[in-house]
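The block underneath contains the structure these notes are about, expressed in structure tokens.
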Amino acid sequence: MFAAERRQLILEMVRANGAVSLRELARVVQTSEVTVRRDVRALEAEGLLDRRHGGAVLPGGFTRESGFPQKSHLATAEKTAIADLAASFVQEGEAIVVGAGTTTQELARRLARVPGLTVVTNSLLVAQALAHANRVEVVMTGGTLRGSNYALVGSGAEQSLQGLRVSRAFLSGSGLTAERGLSTSNMLSASVDRALVQAAAEVVVLADHTKLGTDTMFQTVPTDVITRLVTDEPPAHDDRAATELQALADQGVQIAVAGAGASGNAGGDPAPAPPGRRRDVSLPGPRRQGPGAGPLLRPAAVPGEQPPGADRARVADLRRR
């Protein structure tokens, strides 16, 4: 395929989806990520798209949000690995909240195997994934349906979360930076996500590497409130992602990195992963707990954490790879 043909196809994919990762672009045009990156730079110079680290978006990406059908086809292997690992941190009998998103939907499918679980969610897709789960109770918020991501938003959703207290919140978003934390492109979604955070003692963010270093309009979770980030391993040449991970770790965020082949053991302690496929980094630091709006629905033990002084080189190693 000639360069002009590749770039036209890349442009059509970005226009159709709003945002596309370099990995996906390279797969579709059947070339290397290095070549795709060069094409993306050329298209950005012409003002036809904007580069985001790990991918490309339409110009004005701060206000553009992809719909669910487009998002569901992006970084699917990475989302699967992230969901596998995130599920391994959930224990039997726990009460949690799960926000809307394609990655959290993948997580919900795995949570269906955790007995005695109570899941509070504003996502129809999360509820659907858990609807037939044995011994899993699903509690839905009220609110107005936002069709683009099948989520309940608005004052009804926020009011239904008042007085709620759970052990953990699992959230995704449009972008994540060490400076600003998790953000999204929609004001109503951001407001509900903030209410979900207020109900939880700990906050776990699920974000694939293409979202690292990306900042969007509305902040949902400041960095100092994020307890743990579950992400995938960025490409070896992606220094920006490794730098962002290190910056997050330096601020006390616990980093769990899973490769496409990593998997967790839902309902118990994290299962061992093949060497090089998973890294857990736990750096000590004050984590602000969500305000106590009420008692926990069910007490739950926190999974074993890394001891203080855990090896920062595990994050730094991502940059060297």
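Every heavy atom of this structure was used, including side-chain atoms; hydrogens, water molecules and symmetry mates were not.
- In this view, Arg194 satisfies the salt bridge (Lys or Arg N to Asp or Glu O under 4.0 Å) rule with no residue, not counting sequence neighbours.
- One distance of note links CD of Glu233 with CD1 of Ile82; it measures 12.0 Å at 0.5 Å rounding.
- Judged by the 6.0 Å distance and 45° axis criteria, Arg228 is positioned over the aromatic ring of Phe89.
- A heavy-atom distance below 4.5 Å is found between the side chains of Ile96 and Ser167.
- Every residue meeting the side chain to side chain donor-acceptor pair (under 3.5 Å) condition with Ser32, not counting sequence neighbours, appears here in chain and number order: Thr35.
- At a threshold of 4.5 Å between non-hydrogen side-chain atoms, the residues Val225 and Val197 count as touching.
- Residue Leu125 holds its CG atom at 7.0 Å from OH of Tyr150, rounded to the nearest 0.5 Å.
- For the atom pair Gln219 CD and Leu182 CG, the distance stands at 9.0 Å (nearest 0.5 Å).
- A distance-only check finds no donor-acceptor pair linking the side chain of Glu94 to the backbone of Thr118 [under 3.5 Å].
- A donor-acceptor pair shorter than 3.5 Å can be found between the side chains of Glu158 and Ser191.
- A side-chain N or O of Lys79 and one of Thr102 form a donor-acceptor pair less than 3.5 Å apart.
- Among residues two or more places apart in sequence or in another chain, the side chain to side chain donor-acceptor pair (under 3.5 Å) test is passed with Glu44 by Arg51.
- Taking the side chain as every heavy atom from C-beta outward, Val90 and Phe170 approach each other to under 4.5 Å.
- By the criterion of side-chain heavy atoms lying less than 4.5 angstrom apart, applied directly or through intervening Ile, Leu, Val, Met, Phe, Trp or Tyr residues, Val126 is grouped together with Leu145 in one hydrophobic cluster.
- With hydrogens and angles ignored, the 3.5 Å screen pairs a side-chain donor or acceptor of Thr121 with a backbone N or O of Val98.
- Scored by the side chain to side chain donor-acceptor pair (under 3.5 Å) test, Ser160 finds no partners at all (sequence neighbours excluded).
- A donor-acceptor pair under 3.5 Å is absent between the side-chain atoms of Ser172 and the main chain of Gly101, judged by distance alone.
- Residue Ala26 comes nearest to Val36 through the heavy atom pair CA-CG2, 3.6 Å, listed as atom of the first residue, atom of the second, then distance.
- Taking 4.0 Å as the cut-off between side-chain N and carboxylate O, Asp84 and Arg109 do not count as a salt-bridged pair.
- Applying the salt bridge (charged side-chain N to carboxylate O under 4.0 Å, His left out) test to every pair with at least one member in residues 26-35, sequence neighbours left out, gives these pairs: Glu24-Arg27.
- Of the possible polar contacts, none joining the Arg180 side chain to the Leu176 backbone as a donor-acceptor pair under 3.5 Å is found.
- Val205 is not listed as a side-chain neighbour of Val230, based on a closest heavy-atom distance of 4.5 Å or more.
- Without hydrogens or angle criteria, Glu202 side chain to Ala169 main chain gives no donor-acceptor distance under 3.5 Å.
- At distances below 3.5 Å, at least one donor-acceptor pair connects side-chain atoms of Ser88 with backbone N or O atoms of Leu85.
- Looking only at distances, a side-chain donor or acceptor of Thr227 sits under 3.5 Å from a matching main-chain atom of Val203.
- When side chains are defined from C-beta on, Val97 counts as touching Leu164, because their heavy atoms get closer than 4.5 Å.
- With a 4.5 Å cut-off on side-chain heavy atoms, Met13 and Val28 count as touching.
- Atom CZ of residue Arg135 and atom CZ of residue Arg113 lie 15.5 Å apart, to the nearest 0.5 angstrom.
- Side-chain N/O atoms of Thr210 and Asp208 include a donor and acceptor closer than 3.5 Å.
- For Gln30, there are no side chain to side chain contact (heavy atoms under 4.5 Å, CB included) partners, not counting sequence neighbours.
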Verdict with supporting geometry, Val40 and Leu25, side chain to side chain contact (heavy atoms under 4.5 Å, CB included)
CA-CA 10 Å; Val40 167; Leu25 289 172; 4.2 Å; yes
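- With a 4.5 Å cut-off on side-chain heavy atoms, Leu171 and Thr104 do not count as touching.
- At least one donor-acceptor pair closer than 3.5 Å links the side chain of Thr223 to the backbone N or O of Ala178.
- Side chain of Asp232 to main chain of His209: a donor-acceptor pair is present (N/O by atom type, distance under 3.5 Å, no hydrogens or angles).
- Arg7 meets the salt bridge (Lys or Arg N to Asp or Glu O under 4.0 Å) test with Asp39; sequence neighbours excluded.
- In this view, Gln159 and Ser155, Gln162 satisfy the side chain to side chain contact (heavy atoms under 4.5 Å, CB included) rule, not counting sequence neighbours.
- You'll find the side chain of Leu161 stays beyond 4.5 Å of the side chain of Gln198, heavy atoms only.
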Worked verdict on Leu124 versus Met140 for side chain to side chain contact (heavy atoms under 4.5 Å, CB included): CA-CA 8 Å; Leu124 298 186; Met140 293 215 60; 3.6 Å; yes
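- For the side chain to side chain contact (heavy atoms under 4.5 Å, CB included) test, residues two or more places apart in sequence or in another chain that qualify with Leu48 are Leu11, Arg15, Leu43, Glu46.
- Taking Glu179 as the reference, nothing meets the side chain to side chain donor-acceptor pair (under 3.5 Å) condition, with sequence neighbours excluded.
- In summary, the side chains of Arg146 and Ser189 do present a donor paired with an acceptor at a separation below 3.5 Å, with no hydrogens or angles considered.
- Residues passing the side chain to side chain contact (heavy atoms under 4.5 Å, CB included) test with Asn122, sequence neighbours excluded: Ala100, Thr141, Ala151, Leu152, Val192, Leu196.
- Side-chain atoms of Ser185 never come within 3.5 Å of backbone atoms of Thr216 as a donor-acceptor pair (strictly under, hydrogens ignored).
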Test side chain to side chain contact (heavy atoms under 4.5 Å, CB included) on Leu245 and Thr231; report intermediate values, then the result. CA-CA 9 Å; Leu245 284 176; Thr231 186; 4.0 Å; yes
